[in-house]
Amino acid sequence: MPQLEFLIKCGVYGLMGLGIIAAVGAVLLPNLFHAGLALAFVLVTIAGIFMSVGAEFLGMVQILLYVGGVMTLIIYTIMLTGRLGAKDVRAQNRQGIFAAIAAGFFVCWIGPLILKTGAWPQRESDSAPPLLSVEDLGMSLMTEYVFPFEVLGVLLFAVLIGAIVIARQDRPS
Amino acid sequence: MIIPLEHVLLFSLILFAIGMVGVLTRRNAIGILISIELLLNAVNVNLVCFSRVSEDPMAGQMFAFFVIALAAAAAAVGLAIVVAIYRTRNTVQTDEIQLLKW
């Protein structure tokens, strides 16, 4: 169905545009709380892109873990550390022009490289069903990738303890 | 892929550049962390889209999983450090934290 495919294309490009606009907001907005909300929007658009390229489970993980977990953490920390959007506090340091030049140079360097490489792999049949089911992912996680998975478990445990120890109030001894 | 791979790569390149500007210019430590999340997400978009067109689609998605988990870990520890610094120094502006003298 060409019409449906066209609509999906429009949707994906729209998501990309919205994501870039929201990313600019997340970087430049002076009020950090608004920047956090813009970041949440970027994360949702990226989850949409994941789903459109056939990684549905990863898109759901993105929404649950990022928009649900990390964003809650960021917003709590913004509220805990105060000085929210005070008028006299500059949001940016004085290196803005240099950072913009560096980023522009980066884009102008890599972008033409991406466009000039003509031989990106393409998959022909696109309305094909998703390549990977959740079952495949789980099986792979428990067989081929079991070592990094276990290491990640140990790391998350260390992070759990470390974050509590670092953020804990020092008891007067 | 429903759209050409180049366009997705350009999208993630622009996202990465925006995040880079944020890391370099934000004064607030939480703002820097937000920008780092943008960088990691740009990389994830690349991984997932390459997994869609590659011969072994599992590898890219697995890497994206691990990147997401590590980003969550980095955010947890980073924000804990921000809270601890706010307790001791009463500021989170990175240019007001001058503990290292030389």
Side-chain angles (χ1 to χ4, degrees), chain A residues 5 8-9 12 16 19-20 23-24 26-27 32 35-36 39 42-43 46 49-50 52-55 58 61-62 65 69-70 73-74 77-78 80-81 90-93 95-96 99-100 103 106-107 110-111 114-115 120-123 126 131-132 137 140 145 148 152 155-156 159 162-163 166-167, chain B residues 1-11 13-22 24-28 30-31 33-35 37-38 41 44-45 48-49 51-54 57-58 61-62 64-66 68-73 75-77 79-84 86-87 91-93 95:
Chain A
E5 214 155 84
I8 294 176
K9 265 188 192 177
V12 174
M16 286 181 178
I20 286 176
V24 171
V27 164
L32 260 191
L39 175 70
V42 178
L43 298 175
I46 289 177
I49 290 171
F50 283 177
S52 76
V53 298
L58 210 58
V61 167
Q62 169 99 355
L65 229 147
V70 174
L73 212 60
I74 286 177
T77 314
I78 290 169
L80 277 176
T81 50
R90 281 180 303 122
Q92 261 78 29
N93 60 20
Q95 298 157 11
F106 184 64
V107 171
I110 307 283
I114 291 175
L115 290 178
W120 294 111
Q122 301 285 352
R123 192 171 289 275
D126 245 348
L131 299 167
L132 296 170
L137 285 171
S140 170
Y145 294 94
L152 198 63
L155 177 95
L156 287 178
V159 165
I166 291 171
Chain B
M1 290 287 287
I2 196 104
I3 58 174
L5 187 62
E6 298 95 292
H7 296 180
V8 185
L9 294 184
L10 283 178
F11 166 71
L13 171 68
I14 293 170
L15 209 59
F16 195 90
I18 292 171
M20 203 167 75
V21 171
L24 291 176
T25 60
R26 276 280 187 193
R27 286 181 71 224
N28 195 311
I30 305 171
L33 269 168
I34 287 177
S35 307
E37 300 294 327
L38 274 182
N41 268 285
N44 261 353
V45 171
V48 171
C49 290
S51 100
R52 174 71 172 163
V53 295
S54 80
M58 190 62 77
Q61 292 209 18
M62 280 297 149
F65 266 120
F66 292 128
I68 287 179
L70 287 179
V77 174
L79 292 173
I81 292 174
V82 169
V83 170
Y86 185 71
R87 281 230 183 83
T91 179
V92 287
Q93 310 293 329
D95 46 4

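Order of the sequence lines fixes the chain letters, A, B, ..., with proteins taken first and strands second; residue numbering starts at 1 for each chain. Keep in mind that this is a model prediction, so the values were computed, not measured.
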**Prompt:** So, do B:F16 and A:F106 have ring centers that fall under 6.0 Å from each other?
**Reply:** yes

**Item:** Winner by heavy-atom pair count (cut-off under 4.5 Å) against chain A, out of B:I68, B:I14, B:V83
**Value:** B:I68

**Request:** Specify the closest pair of heavy atoms between B:G19 and B:S35, including all atoms of both residues, with the distance to one decimal.
**Result:** O-CB, 3.5 Å

**Item:** Proximal component of A:V42, with respect to chain B [non-hydrogen, under 4.5 Å]
**Value:** side chain

**Request:** Would you indicate whether the side-chain heavy atoms of B:Y86 and A:L80 approach each other to under 4.5 Å?
**Result:** no

**Prompt:** Mind checking whether A:M16 and B:I3 have side chains closer than 4.5 Å, heavy atoms only?
**Reply:** yes

**Request:** Select one option (side chain, backbone, both, neither) describing which atoms of B:M58 are under 4.5 Å from chain A's heavy atoms.
**Result:** both

**Complete:** When the 4.5 angstrom heavy-atom criterion is applied to B:R87 and chain A, the contacting part is side chain

**Request:** Mark yes or no for whether B:R52, through its side chain, and A:A55, through its backbone, hold a donor-acceptor pair below 3.5 Å.
**Result:** no

**Item:** Residue, of B:E37, B:H7, B:M20, B:M62, that accumulates the most heavy atom pairs under 4.5 Å with chain A
**Value:** B:M62

**Minimum heavy-atom distance B:A64-A:L58, with the two atoms named** = CB-CD2, 3.5 Å

**Message:** Once rounded to the nearest 0.5 Å, what's the spacing between atom CZ of B:R26 and atom CG of A:L32?
**Reply:** 5.5 Å

**Request:** Tell me, out of B:V45, B:V21, B:L79, B:D95, who's got the most heavy-atom pairs with chain A below 4.5 Å.
**Result:** B:L79

**Message:** Looking at every heavy atom in both B:I30 and B:N28, which two are closest together, and how far apart are they?
**Reply:** N-OD1, 2.9 Å

**Item:** Top contributor to chain A interface from B:L70, B:L38, B:V77 [non-hydrogen pairs under 4.5 Å]
**Value:** B:L38

**Item:** Residue part contacting chain B, namely of A:L137, when any heavy atom lies under 4.5 Å
**Value:** both

**Fill in**
When the 4.5 angstrom heavy-atom criterion is applied to A:L156 and chain B, the contacting part is side chain

**Prompt:** Tell me, side chain or backbone of A:V24 under 4.5 Å from chain B's heavy atoms, or both, or neither?
**Reply:** both

**Message:** I'd like to know which of A:G111, A:S52, A:A167, A:A100 tops the heavy-atom pair count under 4.5 Å against chain B.
**Reply:** A:A167

**Item:** Segment of A:I166 engaging chain B (4.5 angstrom heavy-atom cut-off)
**Value:** both

**Request:** Go through the atoms of A:L152 and report whether side chain, backbone, both or neither lie under 4.5 Å from a heavy atom of chain B.
**Result:** side chain

**Message:** Heavy-atom pairs under 4.5 Å with chain A: which of B:L9, B:N41, B:I81, B:L15 has the most?
**Reply:** B:N41

**Request:** Can you sort out the partners of B:N44 under side chain to side chain donor-acceptor pair (under 3.5 Å), two or more places apart, ordered by chain and number?
**Result:** none

**Asked** Are the side chains of A:L115 and B:L10 in touch, meaning some heavy atoms are under 4.5 Å apart?
**Response** yes

**Request:** Let me know if A:L73 has heavy atoms under 4.5 Å from chain B in its side chain, its backbone, both or neither.
**Result:** both

**Interatomic distance, A:L39 atom CG to A:I74 atom CD1 [nearest 0.5 angstrom]** = 5.5 Å

**Asked** Under a 4.5 Å heavy-atom cut-off, does chain B meet the side chain of A:I20, its backbone, both or neither?
**Response** both

**Asked** Based on non-hydrogen pairs under 4.5 Å, which of A:S140, A:G19, A:G96 is most in contact with chain B?
**Response** A:S140

**Message:** Counting only non-hydrogen atoms closer than 4.5 Å, does B:L33 touch chain A with its backbone (N, CA, C, O), its side chain (CB onward), both, or neither?
**Reply:** neither

**Asked** Sequence neighbours excluded, which residues qualify as side chain to side chain donor-acceptor pair (under 3.5 Å) partners of B:Q61?
**Response** none

**Asked** Non-hydrogen atoms of chain B under 4.5 Å away: do they reach the side chain of A:L155, the backbone, both or neither?
**Response** side chain

**Prompt:** What option among B:A71, B:G31, B:A80, B:A17 has the most heavy-atom pairs under 4.5 Å with chain A?
**Reply:** B:A80

